[in-house]
Amino acid sequence: MAKNGKPTCPQHFDVLIVGAGISGIGAAYHLSKQCPGKSFVVLDMQGSFGGTWWTHRYPGIRSDSDLHTFGYRFKPWRGPPIATAAEILAYMGEVIEENDLARHIRYRHKILSARWASEVQCWTIEAVRNDTGETLTFTANFLWMCQGYYRHFQGYMPAWPGTETFKGTLVHSETWPEDLDFAGKKVVVIGSGATAATIIPAIAERCGQVTMLQRSPTFFITGRNAIELAETLRQLQVDEGWIHEIVRRKILFDQATFTRRCVEEPEVVSKELIGVIRNLLGADYDVEAHFTPSYRPWRQRIAFVPDADLFKCIASGKASVVTDEIERFNATGILLKSAKQLDADIIVAATGFNISVLGDIDFVIDGKRLQFADTVTYRGMMFTGIPNLAWVFGYFRASWTLRADLVADFVCRLLSHMDATGAKTVTVALRPEDQDMALLPWIDLENFNPGYITRSVHLLPKRGEKPEWQHNQDYWSEKDQFPAIDLRDRAFIYG
Ligand SMILES: Cc1cc2nc3c(=O)[nH]c(=O)nc-3n(C[C@H](O)[C@H](O)[C@H](O)COP(=O)(O)OP(=O)(O)OC[C@H]3O[C@@H](n4cnc5c(N)ncnc54)[C@H](O)[C@@H]3O)c2cc1C
């Protein structure tokens, strides 16, 4: 219904892409190139494209993986490997402009519900415009879910006791107030991941004192924010397209080696990573207490700290690290479990995400509310019992976009296959040989356990023991497996 109560005429598209982040813009690009006859629309609730890179506004906001692999495979990245949000947005803007994608994107459209009706073999999507309040209806044959995995504008804030008694300012990194004045202030940043490691060097110069408060240490990798091979190839005036491809291959080769070493010789890798930090912080620094994690490397994402900026701040005394637990907040700051008091004017919670399952959209399939957690995933992109839908969920240990490109190729191949065979619907289903397969949580928490997944794994689909029925988090195997997926396999039920 429109605002004035009159029903709006549904607008129909072959494909509806949810989200205009790096995945959604990639999906739009691939669809326009690989299935040029398909009509499509991209809906996003934000005022512009970028997703993560549009909504995050904290000081210093930057990528933690390199842009040769976080960038698309089809669009060369020419800048330093670790990029600011502004640089990533500019890159995405070029993709949109160069490929005439803007006319397909509609901003400020928040999707509220998606209803599948088998009798008409399509989705009905209801969206509300958050500028005018108007409700719009779309129909689409296929839903391409590029909504990411976390709730924008609502970060995860643990329920610490006494926060209401704190007289200073408490902010979450995901909702950084534009006018937050930290000049000369005492700031405590709670967290030990990439976000804390980014904010601290970005504000250290201007605030009076900044402390990173972490419960336990994390692994970091540091290095120059440059790729020597790219620089050499550029000096040799090699074509940028070639540089992009060669540097991607080199990065992926190095990452595969590193990942293998983390599994085969975790102690050696730990020592190497911690050794680098010891060198940066000096012999007197208590690296044991603050930068020696208890888990093996790669169990959590390892943030890259470009040009060692965080460690330079600590070494120079501009920033300090406290490894302790919060007992409670009080009027002047935080009382720690060790009975130490950390006074603060501003406390920043860099404490992670709240998972958003399928974009918090109300899904109904043939009149029945979807229980996403009851489905089983086909390679982390389709789900049993959900027709004509694919989801882009990238990698934890490699750049997200590597998988966005792979999933896009698969979806375009699937859509072309359906056209060629006259199929209107596709749903994945366990095959007779899969019936006895054990069903497990979405991800192996022994292998990878970031807080936001641990907190929400019960909301996510199940995975099976066989490779087809899981998101294996392994780009190096999926890059060969995805193009070889047999679309006539009995896991795909066409209608
Ligand atoms: C600060 C930060 C840094 C990161 N750095 C890296 C990195 O360096 N490398 C890496 O691989 N990963 C990184 N990540 C993970 C990152 O989120 C993903 O890599 C990637 O940006 C996700 O892109 P996406 O397009 O899938 O989702 P998002 O960026 O989350 O975009 C999804 C879009 O969908 C829209 N949307 C969602 N639900 C709805 C709805 N119901 N209606 C309408 N629109 C909707 C949202 O508004 C949003 O614009 C980082 C994450 C954060 C928060």
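Bear in mind the structure is a predicted one, so any value in this text is a computation, not a measurement. Both counts, for ligands and for their atoms, begin at 1 and track the order of listing.
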The answer for which part of Ile61 has a heavy atom under 4.0 Å from ligand 1 is side chain

With heavy atoms and a 4.0 Å threshold, my read on which part of His109 contacts ligand 1 is backbone

For Gly51, the atoms of ligand 1 under 4.0 Å from one of its heavy atoms are 29 (O), 31 (O), 48 (C), 49 (O)

- Message: Is the shortest side-chain heavy-atom distance between Leu143 and Asn388 below 4.5 Å?
- Response: no

Under 4.0 Å from one or more heavy atoms of Gly19, ligand 1 contributes atoms 33 (C), 34 (O), 35 (C)

Within the 4.0 Å heavy-atom cut-off, what Ile361 brings close to ligand 1 is side chain

Going by the 4.0 angstrom heavy-atom rule, the piece of Tyr58 near ligand 1 is side chain

A student checking ligand 1 against Phe70 at a 4.0 Å heavy-atom cut-off should list atoms 9 (N), 10 (C), 11 (O), 12 (N), 19 (O), 21 (O)

*Do the side chains of Leu406 and Leu402 get nearer than 4.5 Å, heavy atoms only?*
no

Looking only at protein heavy atoms, what sits closest to atom 36 (N) of ligand 1 is Met45 CE, 4.0 Å

- Query: Backbone N or O of Trp54 within a donor-acceptor pair of the Arg57 side chain at under 3.5 Å?
  - Reply: yes

Residues 363-372 vs salt bridge (charged side-chain N to carboxylate O under 4.0 Å, His left out), sequence neighbours excluded, gives Asp362-Arg369

